[in-house]
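Dropping the structure in here first, questions after.
One-based numbering, in listed order, for ligands and for the atoms of each.
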Amino acid sequence: MLYDSRSIGAEEFDKEVTVEGWAQEVRNLGGITFLILRDRYGVLQVTAPKKRTAPEVMQTINSLSRESVVRVTGTVKPSAQVKSGYEIIPSSVLVQSAAMTPLPMGVVDKVDVEVETRFNHRFMDLRRPEARAVFEIKSLTLRLIDEYLVDNGFVEVFTPKLVASGAEGGATLFRIDYFGKVAYLAQSPQLYKQMLMSTGLDRVFEISPAFRAEPSDTVRHVSEFISFDGEMAHIDSQRDVMEVIEGCMQYVISEVKERGARSLEVLGSEVAVPKAPYPVLTYERAVGMVRDAGLRLELGEDLGTEGEKLLGDLMAQEGHEMYWIIEYPEEAKPFYIMEKDGTTYSHSFDLDYRGQEISSGGQREHRYDRLVQRMERKGLDPKDFGFYLNPFAYGMPPHGGWGLGVERMVQKMLGLGNIRETILFPRDRNRLVP
Ligand code: AMO
């Protein structure tokens, strides 16, 4: 059995163990050599005194290149000088994979590595515990979302990512060749999750990649992200939908704090559970607030990055990290959102977290004629959406839903500056490799 830096303790003192990891550092002091071995959970020290170590073992350790993978067998001895409280005196050292020199980038060096270098050599970058901890938290977040939704009667579904029409506007569609026909990578599960509302599967959720050809080079846009979508039927209003998301976010963040404590410690992140219930601002009020604070913005315009940030600061002053913005102008919202009759607004919402939109959704237009009218007004040809419109013609209950960017949520929860930190191999306009 292999031990690791976490599983060795006082019980192993004077016993023989075998460990495997990366040679983070080799310090040859002549009479003694220290090898710092790193594994998933931390580091341990292999101490090789020349006098008590076989010459071939000594030779192997002293010639190790940094970041080589080695398997060490030896006796565990208590040691007051080592932080972990023990060291391993080696009886054998096997080089599983020798690392070439020089390294493309350092793992523990205290020099700042350029972001581009880090993402060019992401495998190496991920050897840093704090880079990896983000993915432990992301994995936990996804599991918690799943738990909450299933407990609330939702069924997990998977809809096609190769599609014939886009739902979120033509500008960000990735076009591909599909056996000689034009197809696209799905921007969201929008059309499919709505179609399911006509089936009796009346609460569904999906967590899957979404693709957007985003031309903008920002810290919160990428061209492939994980979208957490939900849709629910027989609702009275969008408030029913907002309640589910709010409950889910509170559950996820409070459980991450508990169950993710070890990874959060590695990251040095303090996660705060947002104050609930989240305040609800109308779009008009949000625009008024940022205008009063000095931003030039017209009613009808998008809050934009700057507006969202400013609003985040204003809400933080009142102790709110999460807040809703409802009733966006219908003109700014996609065809599938329901208009608020007698106004220019819509039954829509955005959820913002510390100055950044993380989710949007609303009540959908479920009335066939109104939906077709809305499509036409938005310049879409209903004929291109026949497969989507059909279910609306044969019994479609009132429904609503949301899309939430998992990486944006994790980014804000952990206080990270760039969404790319939460993606193993990010994709953007300038990056398709690795
Ligand atoms: P929307 O287009 O607002 O809505 O997207 C929903 C959420 O997805 C995330 N997101 C992104 N994250 C990273 N990079 C991107 N390029 C990117 N684009 C979007 C954001 C955003 O809030 N179908 C609707 C949702 C619905 O009404 O159900 C939709 O896709 O966090």
Side-chain angles (χ1 to χ4, degrees), residues 138 141 145 154 157 159 161 163 165-174 184-197 203-233 235 238 240-242 244-245 249 302-305 308 322-326 328 330 332-338 346-366 388 399-413 416 418-423 426-431:
K138 185 173 175 181
T141 299
I145 289 177
F154 283 76
V157 297
T159 62
K161 301 302 147 214
V163 296
S165 34
E168 318 296 345
T172 60
L173 274 173
F174 276 117
Y184 306 97
L185 294 178
Q187 295 162 303
S188 82
Q190 186 63 37
L191 306 181
Y192 292 93
K193 63 180 184 173
Q194 281 195 263
M195 286 162 71
L196 290 174
M197 294 303 99
R203 285 185 157 214
V204 301
F205 75 104
E206 173 164 3
I207 302 175
S208 61
F211 305 91
R212 308 261 173 118
E214 293 280 359
S216 39
D217 196 9
T218 76
V219 294
R220 59 186 195 156
H221 287 96
V222 280
S223 39
E224 180 174 350
F225 64 97
I226 302 294
S227 187
F228 158 39
D229 279 82
E231 201 69 24
M232 49 203 275
I235 59 168
Q238 61 175 20
D240 297 346
V241 180
M242 291 157 70
V244 173
I245 308 173
M249 287 299 103
D302 196 51
L303 282 179
T305 311
E308 279 180 32
M322 288 254 202
Y323 40 91
W324 299 101
I325 305 168
I326 60 166
Y328 272 86
E330 65 80 16
K333 286 289 171 184
F335 67 85
Y336 48 76
I337 288 285
M338 189 185 265
S346 62
H347 290 290
S348 63
F349 60 77
D350 273 11
L351 176 62
D352 282 27
Y353 190 8
R354 298 177 168 175
Q356 179 170 287
E357 175 206 313
I358 60 164
S359 176
S360 69
Q363 178 159 9
R364 319 301 188 186
E365 183 50 77
H366 66 281
Y388 163 74
H399 62 279
W402 71 90
L404 184 148
V406 172
E407 285 95 353
R408 280 198 190 175
M409 189 261 162
V410 172
Q411 180 197 350
K412 282 290 155 182
M413 180 170 62
L416 301 169
N418 193 323
I419 192 170
R420 289 162 184 75
E421 301 287 346
T422 70
I423 301 172
R427 290 287 175 263
D428 59 37
R429 213 164 55 122
N430 302 310
R431 187 173 286 285

Q. Which ligand 1 atoms, with their elements, are less than 4.0 angstrom from a heavy-atom of I419?
A. 13 (C)
Q.
My understanding is that only one of V406, V222, L416 makes a side chain to side chain contact (heavy atoms under 4.5 Å, CB included) with T422; could you say which?
A. L416
**Q.** Given E365, Q238, H399, K333, the one that forms side chain to side chain contact (heavy atoms under 4.5 Å, CB included) with M338
**A.** E365
**Q.** For the student: nearest non-hydrogen atoms of M232 and M197, plus distance
**A.**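 Shortest heavy-atom contact: C-SD, 3.6 Å.
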Q) Which protein heavy atom lies closest to atom 22 (O) of ligand 1, and at what distance to 0.1 Å? A)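 Protein heavy atom at minimum distance: E357 OE2, 2.4 Å.
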Q | Q190 side chain to S188 side chain, donor-acceptor N/O pair below 3.5 angstrom | A | no
Q: Indicate yes or no: does an N/O atom of R212 lie under 3.5 Å from an N/O atom of ligand 1?
A: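 Yes - when backbone and side-chain N and O of R212 are compared with those of ligand 1, one distance drops under 3.5 Å.
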Q: Return the residue, atom name and 0.1 Å-rounded distance of the protein heavy atom closest to atom 1 (P) of ligand 1.
A: S360 OG, 3.6 Å
Q | Non-hydrogen atom of K193 closer than 4.0 Å to ligand 1 | A |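 So K193 counts as touching ligand 1.
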Q) Which atoms from ligand 1 have a heavy atom of Y336 less than 4.0 Å away? A) 23 (N), 24 (C), 27 (O)
Q: Would you check whether E214 has a nitrogen or oxygen atom less than 3.5 angstrom from a nitrogen or oxygen atom of ligand 1?
A: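 E214 vs ligand 1: N/O contact under 3.5 Å present.
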Q: Say whether G362, considering both its backbone and side-chain N or O atoms, lies within less than 3.5 Å of an N or O atom on ligand 1.
A: no
Q: Return the minimal non-hydrogen interatomic distance between S359 and W402, and the atom names on each side.
A: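 Looking at all heavy atoms of both residues, the closest pair is OG-CB, 4.0 Å.
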Q | Atoms in ligand 1 with a heavy atom of G403 nearer than 4.0 Å | A |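 Answer for ligand 1: 6 (C), 7 (C), 25 (C), 26 (C), 28 (O).
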**Q.** Non-neighbouring partners of D229 that pass side-chain contact (heavy atoms from CB on, under 4.5 Å), sequence neighbours left out
**A.**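 Expected list: P189, K193, S227.
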Q: Decide whether the shortest distance between a heavy atom of R364 and an atom of ligand 1 is less than 4.0 Å.
A: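 R364 counts as a contact of ligand 1 under the 4.0 Å cut-off.
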**Q.** E357 side chain vs E308 backbone, donor-acceptor pair below 3.5 Å
**A.**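 No, E357 side chain to E308 backbone: no donor-acceptor pair under 3.5 Å.
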Q: Answer yes if the side chains of E231 and Y192 hold a donor-acceptor pair under 3.5 Å, and no otherwise.
A: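 Judged by distance alone, the side chains do not pair up.
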Q | OH on Y336 to CD on Q363, rounded to 0.5 Å | A | 14.5 Å
Q) Judging by distance only, is a nitrogen or oxygen of G230 under 3.5 angstrom from one on ligand 1? A) no
Q) Is W402 touching ligand 1 with its side chain, its backbone, both, or neither, if touching means heavy atoms under 4.0 Å apart? A)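 Backbone only.
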**Q.** Intermediate values then yes/no, salt bridge (Lys or Arg N to Asp or Glu O under 4.0 Å), K161 and E206
**A.** CA-CA 12 Å; K161 301 302 147 214; E206 173 164 3; 2.8 Å; yes
**Q.** Numbered atoms of ligand 1 (with element) below 4.0 Å of R220, judged on heavy atoms
**A.**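 Under 4.0 Å from R220, ligand 1 has these atoms: 13 (C), 14 (N).
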**Q.** Any N/O pair H221/ligand 1 closer than 3.5 Å
**A.**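 Not met; the criterion fails.
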Q) How close does the nearest protein non-hydrogen atom get to atom 31 (O) of ligand 1, and which residue and atom is it? A) I358 O, 2.8 Å
Q) Does S359 come within less than 4.0 angstrom of ligand 1, counting non-hydrogen atoms of the residue? A) yes
Q: Working to the nearest 0.5 Å, report the span between CG of L303 and CG of D350.
A: 8.0 Å
(Q) Suppose we measure from atom 17 (C) of ligand 1 to each protein heavy atom; which comes out shortest, and what is that distance? (A)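 Result for atom 17 (C) of ligand 1: F225 CE2, 3.4 Å.
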Q.
Checking a contact table here: which protein heavy atom is nearest atom 20 (C) of ligand 1, and how many Å away?
A. R408 NH1, 3.6 Å
Q: Look up atom CZ in F228 and atom CZ in R408, then write down how far apart they are to the nearest 0.5 Å.
A: 16.0 Å
Q) Side chain, backbone, both or neither: which part of V222 comes within less than 4.0 Å of ligand 1 when only heavy atoms are counted? A)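 Answer for V222: both.
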